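On a predicted model such as this, the values are computed, not experimentally measured, just so you know. Order of listing sets the numbers, starting from 1, for every ligand and every atom in it.
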Amino acid sequence: MPTAPHEYGLLIDGKWETPDGATRFETLNPSTGEAVGSFVQGSARDADRAIGSAHRSFRAWRETPAPKRGEILLEVARLMKRSKEELGRTVTREMGKVIAEGLGEVQESIDFIEYMAGEGRRLFGETVPSELRSKFCLTVRQPKGVVVCISPWNFPTSIPNWKIAAALITGNTVVFKPASATAKCGAEVVKLYEEGGVPPGVLNFVTGSGGVVGNALIEDPRVRTVSFTGGVDTGREVYVRGARGLKMVHLELGGKNPVILMEDADLSLALEGVLFGAFGTAGQRCTATSRLIVHTKVHDEFVGRLTDRLRRFPVGDPLDPATAMGPVASADQERKVLDYIAIGEKDSTLQFGGHKLTGGAYDRGHFIEPTVFETHHGSRISKEEIFGPVLSVIRVADYAEAVRVANDVEYGLSSAIYTRDVNRAFRAIDDLEAGITYINAPTIGAEVQLPFGGVKNTGNGGREAGSVAIEEFTEIKSVFVDFSSKLQRAQIDSETAE
Ligand code: UN1
C-alpha cells in the first residue's frame, strides 16, 4: 500500500501550522500518478497573516548587517549541498525532469545563494562629485520591505531561490507562494532557510491557488514588490493588479526561443545542442529551443540526423540515469501539449513523434514523444509558446531571413546561432531581439552570475540573477552631505562658492 503523503503546513511567524478547517490538495508524481505531498489550500486570510508576519519582522531583519545576512545564506547553501541528492530527487519526483537536471537545478540554487551571500559585502552604491565645495554625493541601497515571490513549477527550487536569496540579502522580508504543482520542492527549500538561521517571520510560506492566495498577496497594501515567474497571461494579470497599488512588479514570462543553424555550422555540435535545448526538461523551460531556423543548404541533412537520433532517445522514468526525457509535468500540461500537436498537424508536417506514449509504465504518467514538425513561419506552432517537447523546424534561404523569422515573435528571452563565421556570430549578437544569445551552444543553461530575462512580452524590462538581481529588491537613496557649515544652493551658488 502506498504511504500517505507527508502533510505540510504554512510557515507564518516561524511556525508551521495548518489553519483550522483548512482543506488540502496533493501534488502528484507525473511519472506514476502517486501523491508526493499534501498541502494547505490557503485562504486570503492566510495571505494576510503571512504578510503581517513579514511586516513585523522587517525592521529587525533590515537592521541586521548585510554581511551577517550573507553568513546565514552561506549556511543555507551549505545545507543545500548536504541535501542536494535528496532535493534533486524531490524535484524529479514532483516535476518529472530527469535526475541529472533535478540535481542541476539544485546546483543552480546553491550557486545563486552563494553568489548572493557574497553580495552581502558589496551592495554597491555610487559616490559622485558634487557641483559644490565641501559636499559629498552618494547613493545607498535600502530594502523595499515586504516582497512577494510567486514561482512556477518548471524550476521548483532554483527560481524560488533566485527570488528569495536576492530579496533576503538586500534586507527584505518575504512571503513565498510556490506553484501548487510543486509545493513540496518549495516547502523543502524553505525548511533549509529556516535551518540555516533565517529568523522567524523573515521568510513565510503559503500555498494555495493564484486566484485566492496569489491575488490577496499581490493586492495587499503592505507589499511593495511582487516577483513573478510564469505564463504571459497570468503575468499580465499580476502586473495590472500590482499596478493599482503602484507596486514594482517583476515579471519573467514566456519564450519562443530560436536556434539559427547556418550552412557553415558544426552539425554534430548543433545536433547535441538542439536535442538538449528542445527536449531537456521535456521542453518545459522558458528558455527551451522551440524553433530551429535552418539554412536550406543543411536542412535535409540536419533534420535527417535529428530524427535518427530521436529514434534512440530514451523517454521514461526520470529517476533512471539512462533516461533522456521524462514526462511532462501534469495532466494539464499533457492536454496543452497534445492540443498544440493537433494544431500543428493541420498546417505543418509531422517529422517525428506526435503521440502520447502508452503501454506498461507509460500508462501511469504523462509521457509524450519528442516531437518535430516541419512548419512555415507564421503557423501557430511557429509563434506560440508550447512549453513541451515540440520543436518547429523552419527552413530559410539566408542569414537575413533567419534573423527576420527569429525576431518576428512576441517573445524575446533566449536565442542561439550555430556558425563558424566569427563576423556572423557577432552580427547575430547585435541582431537578435532577446535577453540572452548563445553562440554555438543551446538556448538553455544560463549561469547565475549573468542577468536573466528578456525583451518584448517575456517580461517588463527587469532581470533576475547576476549582480543586477539586487535591483529588483532595493530602493536607491541619494544622499547629499554638506560639510561647509553654510547654506549652499545647488544650481544657484555653484559658480561663486568658495
Ligand atoms: C526557466 O525556464 O524559467 O537557462 C529558467 C536555463 C536555466 C533557467 C531556466 N538556467 O535554462
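Rounded to the nearest 0.5 Å, atoms CZ (Arg305) and CG (Leu310) are 13.0 Å apart.
The salt bridge (Lys or Arg N to Asp or Glu O under 4.0 Å) test with Glu433 is passed by exactly one of Arg404, Lys456, Lys256: Lys456.
In the candidate list Thr287, Thr281, Val448, Thr287 is nearest to atom 11 (O) of ligand 1, counting heavy atoms. Considering Phe112, Phe452, Phe276, Tyr438 only, the shortest heavy-atom separation from atom 5 (C) of ligand 1 involves Phe452.
Considering only non-hydrogen protein atoms, atom 9 (C) of ligand 1 sits nearest to Phe155 CE1, 3.6 Å. Nearest protein heavy-atom contact of atom 2 (O) of ligand 1 is Cys286 N, 2.8 Å. For atom 6 (C) of ligand 1, the nearest non-hydrogen atom of the protein is Gly445 N, 3.2 Å.
A parallel orientation is assigned to the rings of Phe39 and Tyr8, their planes being inclined by less than 30° (bins at 30° and 60°).
Proximity of Glu447 to ligand 1, defined as any heavy-atom pair under 4.0 Å, is not found for any part of the residue. With a 4.0 Å cut-off on non-hydrogen atoms, Ile436 does not touch ligand 1 at all.
For ligand 1, one of its N or O atoms has an N or O atom of Asn154 under 3.5 Å away.
When each atom of ligand 1 is checked for a heavy atom of Ile444 under 4.0 Å away, the hits are 11 (O).
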